[in-house]
Visitor: 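One structure follows; several queries about it will come next.
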Amino acid sequence: MSLLKEPDFGTPARTSETTVTVEVDGHAVEVPAGTSVLRAAAEAGIAIPKLCASDNLEPFGSCRLCVVDIEGARGTPASCTTPCTDGMKVTTQTPELADLRRGVMELYISDHPLDCLTCPANGDCELQDMAGVVGLREVRYGHEGKNHLKEEKDTSNPYFDFDPSKCISCSRCVRACDEVQGTFALTIEGRGFDSKVAPGGSADFMSSECVSCGACVQACPTSTLQEKTVVDLGMPDRTVLTTCAYCGVGCSFKAELRGDQLVRMVPHKDGGANEGHSCVKGRFAFGYADHPDRQLSPMMRDSIDDEWRPVGWEEALTEVARRFSALRSEHGPGAIGGITSSRTTNEEVYAVQKMVRGAFGNNNVDTCARVCHSPTGYGLNQTFGTSAGTQTFSSVEHSDVIMVIGANPTDAHPVFASRMKRRLRAGAKLIVADPRRIDLVRSPHVEAEHHLPLQPGSNVALINAMAHTVVTEGLVDQEFLDARCEGQDEYLEFIRGPENAPEALEEVIGVDADRIRAAARLFATGGSSAIYYGLGVTEHSQGSTMVMGLANLAMLTGNVGREGVGVNPLRGQNNVQGSCDMGSFPHELPGYRHIGTESVREIYESLWGTTLDPDPGLRIPNMFDAAVDGTFRGLFVQGEDIAQSDPNTHHVEAALSALDCLVVQDLFLNETARFAHIFLPGTSFLEKDGTFTNAERRINRVRPTMPPRTGKHEWQVVAEIAARMGFAMNWERSADIMDEIAATTPTFAGVSFAHLDRVGSVQWPCNEAAPLGTPTMHVGSFVRGKGRLMKTVYVPTLERSTRRYPLILTTGRILSQYNVGAQTRRTANSSWHAEDVLEIHPHDAEDRGITDGALVEVASRVGTTRLHARISDRMPVGVVYTTFHHPESGANVVTTENSDWATNCPEYKVTAVQVAPALRADTTRAGTATSTLAPVGVGAGE
Amino acid sequence: MSAAPEPATVTPEVRMAHEIARQFAGEPPEQAAQTIAAHLRKFWAPSMITAFRTEAAAGADLDPVVARAAELLR
Ligand code: SF4
Ligand code: SF4
Ligand code: SF4
Ligand code: FES
């Protein structure tokens with residue numbers, strides 16, 4: 001499509017039970033009470049000139065361009081700050097108003113460089129537009145007077161420039177940063193003529209609190225704040241609507257191109273998940289798609305010690321099929337398998353699981369969600385009956401109490417965090433349960449009512465102590481429980497037990513009992529209470545138990561099945577939800593239906609013309625164990641870097657090197673590809689045609705801005721391998737795959753590309769009963785009928801601090817980087833996070849003679865790695881923290897084989913370690929030889 | 001119930017079966033064993049179940065509840 005310009009109604013939409021009717025230039029228009037005159041006029045199709053107003057910001061009334069006449073009112077009020085009243089008569093065009101507006105514009109222009117023809121915003125500048133609209137023909141006050149034209153540009157941010165000479169002090173940027181993003185990084189300094197925008201107290205943007213979300217850039221009506229890519233490449237001329245390929249928020253974007261060149265990504269106002277907001281990753285970090293490291297040709301080699309040899313698709317695909325078929329005949333169908341990726345589309349994931357089930361002839365298919373949210377699948381399925389979050393993101397606007405546990409939304413799910421912070425600024429109460437003092441605990445105008453800095457590994461103890469408080473203090477929503485839940489008697493008896501009392505567990509949790517009780521009381525009595533959680537809940541030996549514990553607490557307090565409440569997993573990668581939905585677990589067909597259920601298998605058997613294996617296949621860690629064991633010989637990995645992202649790197653590497661045939665499909669030669677025999681180039685999100693499903697079950701379209709640079713879509717590659725193995729997967733286009741998904745999966749029955757193109761996005765279940773999808777789940781009754789209260793016995797992890805490994809290492813992520821960093825490290829986002837560091841408490845550092853910035857060695861019983869230390873009291877004493885975005889730091893060299901009992905999701909969040917100053921300044925990842933601390937232990941199965 | 005055996009000395013199947021068993025330590029033993037067996041049937045590949053049963057039969061050092069679960073998988 002040509003360049004999409006979204007309408008701007010001037011001020012935000014209001015919701016109100018009452019409406020008022022006003023007359024604008026003789027046209028009657030009915031609007032909710034509280035709507036501004038400016039917006040009412042816009043809704044009637046009448047555009048009143050404006051500069052400081054925008055419909056995502058509260059009105060400010062500074063430019064006075066939007067003045068109108070109102071019958072019976074004195075003077076000429078600004079229409080953006082004047083609410084409509086019933087019967088009001090408004091006139092927007094008179095000669096006097098025109099004079100006033102020209103006067104305003106004249107003043108602005110007299111302090112504005114008249115370089116429109118060479119300005120990067122030429123053609124996309126509201127100041128320029130308004131000069132035209134008001135009919136400005138002359139400027140009486142020349143540039144000789146006092147002006148700002150000589151002010152220096154701030155080019156410190158890698159993605160946008162700040163040119164103060166063009167600033168009209170409309171404060172839209174300041175309000176965007178405050179209201180939309182919630183970072184409060186900008187201020188207007190000075191008064192009157194001297195007023196100017198500044199990154200609050202800092203020399204420049206880069207050294208300020210700015211998190212580079214881009215909201216101010218989007219809000220700026222001039223080119224004062226301008227994307228560098230627009231400066232370099234010029235204004236885009238066409239738009240492709242698509243979805244961010246980074247995190248599970250799933251923001252919708254307008255990819256704006258100039259010809260085939262992507263100029264910028266601008267968040268889409270109609271995007272259901274983000275409603276026009278973005279974070280630094282989706283907004284700016286797209287450069288990896290044409291990074292020189294990108295591989296565009298298939299490659300092969302006989303042994304992993306050989307050099308890669310580029311080959312054509314035909315040769316590569318034939319060879320993949322030949323090798324997998326040979327392994328299948330020689331060692332049985334169980335000897336091969338595949339891993340799907342949460343970074344690929346639903347259609348690509350579906351294709352891989354179909355290839356494994358149909359062509360490989362087994363259920364050895366798993367997804368990287370194994371290592372992040374598989375406990376969510378298990379826990380929510382057991383309690384509620386389906387493996388997904390219960391709410392829409394916008395539901396948080398109705399919450400009175402928000403509990404964030406094991407999640408760091410400002411870094412990992414920033415656009416949702418902005419929404420949440422807006423609600424918190426409006427008065428909702430916040431409980432944060434996290435060992436680390438994450439930003440949310442105290443940020444501008446947001447302060448947690450309770451921060452519970454629990455010990456890593458004590459989640460279940462905490463949730464039981466909270467539930468015990470609710471039950472024993474008579475705070476249960478008995479009506480909800482009686483009407484909607486089962487398993488009450490057994491559960492209540494269990495949770496009442498003295499072993500679950502906060503007083504009994506406070507030592508384990510590391511938080512005083514009265515603070516736990518206070519948090520529980522707030523959650524139970526504060527109104528609509530919602531739970532948001534992340535990998536700090538799932539990546540534990542009791543990850544699944546904890547998810548059930550969260551569901552229990554929500555049910556006990558009646559907080560499921562309406563707006564503002566619920567249990568909400570914040571998904572890591574963009575398509576974690578979708579990859580799980582699409583049947584990439586070894587025991588489940590699409591739609592979470594067990595492979596052992598004959599009636600479900602029959603659906604696929606008759607459509608695919610084959611017989612399916614009725615038994616579960618191997619999970620990722622089982623595949624590794626079986627590879628070391630010699631029974632698993634061939635693996636297809638799409639879009640995942642398991643050598644970097646999976647725990648206990650030594651064990652993973654031993655497994656990968658043991659394979660006879662490893663096929664990797666990816667954008668880059670990643671760490672896993674070091675062990676591969678065949679490399680198949682993958683497509684970036686700019687080339688993909690398909691759908692991603694975000695954490696709120698929203699199915700969003702991913703539309704290509706260009707054909708695949710590799711010559712083939714990833715699903716085509718998969719289908720061609722399957723065909724060469726004798727199993728036909730006849731799809732002409734991606735839309736056909738979604739049609740097959742819809743035809744076979746009841747929750748997706750109403751989904752098609754055409755439907756999504758029409759309605760934008762839908763949240764599954766989407767079917768005949770809910771053609772526009774299901775924003776809130778479990779309304780009235782649970783998917784499984786009655787919600788099931790599950791006993792959640794606290795069982796401490798076997799991973800404990802010892803004399804030898806006295807500290808607990810926990811892991812997380814930061815805003816500017818994403819997962820293993822394959823994409824973000826190849827963008828200017830590395831300006832913010834050039835390496836992973838180890839955060840350590842001042843006491844722990846002092847005990848060990850560690851100074852800030854020193855290189856330290858981190859050793860666990862399975863491995864040793866080196867990182868630079870950052871001394872920080874964000875962590876409690878005894879706990880250290882790092883991220884895993886860089887292969888050099890190899891955080892997973894030290895993580896162990898421990899995993900969630902129900903799903904084998906690795907216990908990334910708890911590893912007993914020792915930390916000491918490194919003896920040699922060698923920063924490469926250490927193996928046994930360089931360890932100064934302890935011999936590298938041996939994980940099970942090695 | 002005793003803690004799971006030292007990781008380095010056991011196979012993955014035995015280690016994982018013990019991890020599961022630890023979660024049901026408070027249940028009556030027979031009920032716990034049945035729950036464990038049902039969980040394994042639902043989530044484990046047959047090759048893993050076979051390996052587990054073989055190890056059990058070969059006299060691996062198993063907690064009684066885990067040993068009973070292995071029996072139930074027959
Ligand atoms: S980019 Fe975002 S955080 Fe930075 S100043 Fe602009 S609105 Fe604020
Ligand atoms: S930088 Fe742009 S948005 Fe901010 S005050 Fe100046 S002109 Fe307005
Ligand atoms: S919040 Fe997530 S989906 Fe949205 S722009 Fe950022 S990375 Fe992309
Ligand atoms: S748009 Fe109303 S005062 Fe600026």
Side-chain angles (χ1 to χ4, degrees), chain A residues 332 334-335 337 362-364 374 378 460 494 497 499 541-542 544-545 585-588 594-596 613-619 621-626 628-629 631-632 651 791-800 861-862 896-904 907 937-942, chain B residues 1-56 58 60-66 68-70 72-74:
Chain A
N362 61 46
N363 292 305
N364 291 339
S374 50
Y378 182 89
V460 173
F494 153 74
E499 74 281 9
S541 63
Q542 280 202 298
S544 292
T545 314
F585 284 133
H587 66 288
E588 272 170 352
H594 200 273
I595 187 77
D613 179 351
D615 291 314
L618 298 169
R619 299 166 172 177
N622 312 147
M623 292 181 196
F624 294 154
D625 291 338
V628 170
D629 201 35
T631 53
F632 188 74
H651 180 55
K791 272 168 69 175
T792 50
V793 180
Y794 167 61
V795 180
T797 169
L798 293 173
E799 186 72 14
R800 286 187 213 146
R861 65 186 160 84
V862 308
T896 70
E897 75 292 343
N898 284 352
S899 66
D900 172 44
W901 65 272
T903 66
N904 286 149
E907 190 176 39
V938 180
E942 276 199 48
Chain B
M1 163 185 294
S2 59
E6 270 303 298
T9 63
V10 299
T11 63
E13 287 81 11
V14 170
R15 173 174 55 79
M16 289 186 286
H18 279 92
E19 277 167 13
I20 298 166
R22 290 179 75 232
Q23 307 298 318
F24 301 101
E27 306 286 327
E30 182 59 23
Q31 193 186 322
Q34 295 205 7
T35 311
I36 297 162
H39 183 89
L40 301 191
R41 261 189 226 107
K42 190 163 177 195
F43 295 107
W44 278 21
S47 56
M48 293 167 66
I49 292 190
T50 309
F52 173 51
R53 279 179 39 209
T54 312
E55 286 141 20
D61 177 18
L62 301 185
D63 179 275
V65 169
V66 174
R68 174 71 186 134
L72 289 170
L73 287 168
R74 248 167 258 271

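Letters A, B, ... mirror the listed sequences (proteins, then strands); counts begin at 1.
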Visitor: Is a side-chain N or O of A:Asn363 found less than 3.5 angstrom from the main chain of A:Pro616, in a donor-acceptor match?
Guide: no
Visitor: Given that the side chain runs from C-beta out, which part of A:Tyr378 has a heavy atom under 4.5 Å from chain B: side chain, backbone, both or neither?
Guide: side chain
Visitor: Heavy-atom distance under 4.5 Å to chain B: side chain of A:Glu588, backbone, both or neither?
Guide: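 Nothing of A:Glu588, per the 4.5 Å heavy-atom cut-off to chain B.
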Visitor: With a 4.5 Å heavy-atom cut-off, do A:Phe585 and A:Thr903 have their side chains touching?
Guide: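 No, too far: nothing below the 4.5 Å cut-off.
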Visitor: With only heavy atoms counted, which part of A:Thr545 is less than 4.5 Å from chain B, the side chain, the backbone, both or neither?
Guide: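 Contact with chain B involves the side chain of A:Thr545 alone.
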Visitor: In terms of the angle between their ring planes, are B:Phe43 and B:His39 parallel, tilted or perpendicular, with boundaries placed at 30° and 60°?
Guide: tilted
Visitor: Check whether any side-chain heavy atom of B:Glu13 sits under 4.5 Å from a side-chain heavy atom of B:Trp44, and report yes or no.
Guide: yes
